[in-house]
Amino acid sequence: MSLPYAILTALLEKPSSGLELTRRFDRSIGYFWSATHQQIYRELGKLEASGLIRALPAAQPARGQKKEFEVLPSGRAALTAWAAEPQDPKPHRDALLLRMRAAAVVGRTGLDDELRRHLDLHRRQLAEYTAIEERDFATAASPAERLQRLVMRAGIELETFWITWLTSALAELAELPDARDAPDAPGAESPGPGGAAGAP
C-alpha cells in the first residue's frame, strides 16, 4: 500500500496537521494518489504508533489545537527503502473501455455522449495541469523541483493522450451505423487490444 509513503513524502516536504495534509492531497498529491480525510487520519495514527512520525510539541498548548506531525529518522529510512524498491506497472482498469467492449455486443446507445463528456473533463484537467506547470514550475531549477515537474509532465502527457484518443474514437463512431442499430454479431467475442479474439 502506497498511501503511508505518500504521507511520509508530504510530511518530509513540510510538517503538517491532518487537515493540512488533506488540503495538500486535494491540491497536489491527490492528482495521482487520492485519499480521503478519514484514510489520511487513520494512516497518521498507524505511522505514529509505528514510530515513523511524531506530533510536534505545541508552542502554546490550546484546547482543540490541531496536531502537526513530522517525520522521524526511522520514517525517512522507511521511505528511502521503499523508494528504492522495484515497482511494477499496475494493470489499467477503466470503466469507459469496458463500456466500449460492452457496446460492441449490446449496442452503443449513449456511448457517444459519454465519450464527449469524458473529452470535456480531460480538456479541463489538461488546462488545470498546464496552469499549475506554468505557475509553479516555469523556472524549476533544483533537483527536487525538476523531479516534481516530471510528475506534472506525466499528468499533462496522460491527459493529452486521452484527448487524442477520445477525439479519434468519436470520429470513428461517427462513421458507424446509427447507435440504435444492433451490433453486427450479438454475443460474438470481439478482438482484444492485441487483436486476438477473446483477449482480455
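The OG atom of S142 lies 8.5 Å from the CG atom of L147; values are rounded to the nearest 0.5 Å. Atom CZ in R108 sits 9.5 Å away from atom CG in L115 (nearest 0.5 Å). With rounding to the nearest 0.5 Å, the separation of CZ in F161 from CD in E159 is 11.0 Å. Note that CD of E157 and CG of L126 are 9.5 Å apart. Values are rounded to the nearest 0.5 Å.
Without hydrogens or angle criteria, E172 side chain to A169 main chain gives no donor-acceptor distance under 3.5 Å. Of the possible polar contacts, one joining the E145 side chain to the A141 backbone as a donor-acceptor pair under 3.5 Å is found. At distances below 3.5 Å, not a single donor-acceptor pair connects side-chain atoms of R153 with backbone N or O atoms of Q148. Side chain of R24 to main chain of A10: a donor-acceptor pair is present (N/O by atom type, distance under 3.5 Å, no hydrogens or angles). Using a distance-only test at 3.5 Å, with no hydrogens or angles considered, no donor-acceptor pair links the side chain of S168 to the main chain of L166.
By the ring-ring contact (aromatic ring centres under 6.0 Å, His included) test, H122 is found to be paired with W162, residues two or more places apart in sequence or in another chain being considered. With sequence neighbours excluded, the residues satisfying side chain to side chain donor-acceptor pair (under 3.5 Å) with D113 are R116. Checked against side chain to side chain contact (heavy atoms under 4.5 Å, CB included), E48 has the following partners two or more places apart in sequence or in another chain: I53, A55, K67, F69. For M152, the side chain to side chain contact (heavy atoms under 4.5 Å, CB included) criterion is met by Y129, I132, E133, F137, I156, not counting sequence neighbours. Under the side chain to side chain contact (heavy atoms under 4.5 Å, CB included) criterion, S17 pairs with L19, E20, K66, E68, not counting sequence neighbours.
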Fill in: Evaluation steps, side chain to side chain contact (heavy atoms under 4.5 Å, CB included), between T22 and T36
CA-CA 7 Å; T22 300; T36 65; over 6 Å; no

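The two residues L56 and P15 make their nearest non-hydrogen contact at CD1-CB, 3.9 Å. Scanning all heavy atoms of the two residues, the minimum distance from S74 to G51 falls at OG-O, 2.6 Å. Closest heavy-atom contact between A35 and I40: CB-CG1, 3.9 Å. Nearest heavy-atom pair, L21 versus S16, reported as atom, atom and distance to 0.1 Å: CG-CB, 4.1 Å.
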Side chains of residues 84-99: which donor-acceptor pairs under 3.5 Å do they make with residues two or more places apart or in other chains?
| from | atom 1 | to | atom 2 | distance (Å) |
| --- | --- | --- | --- | --- |
| D94 | OD1 | L96 | N | 2.8 |

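Linking ILVMFWY side-chain heavy atoms closer than 4.5 Å, directly or via other members, places Y5 and L72 in two distinct hydrophobic clusters. Linking Ile, Leu, Val, Met, Phe, Trp and Tyr whenever their side-chain heavy atoms come within less than 4.5 Å puts L170 and L111 in one cluster. One hydrophobic cluster, built from ILVMFWY side chains closer than 4.5 Å, holds both L3 and W82. Under the 4.5 Å side-chain contact rule for hydrophobic residues, M100 and L176 share a cluster. Clustering ILVMFWY residues whenever any of their side-chain heavy atoms sit less than 4.5 angstrom apart, transitively, puts I7 in the very cluster that holds V151.
For the pair T167 and R123, the minimum side-chain heavy-atom distance is below 4.5 Å. Side chains of L44 and L11 form a contact here, defined as non-hydrogen atoms less than 4.5 Å apart.
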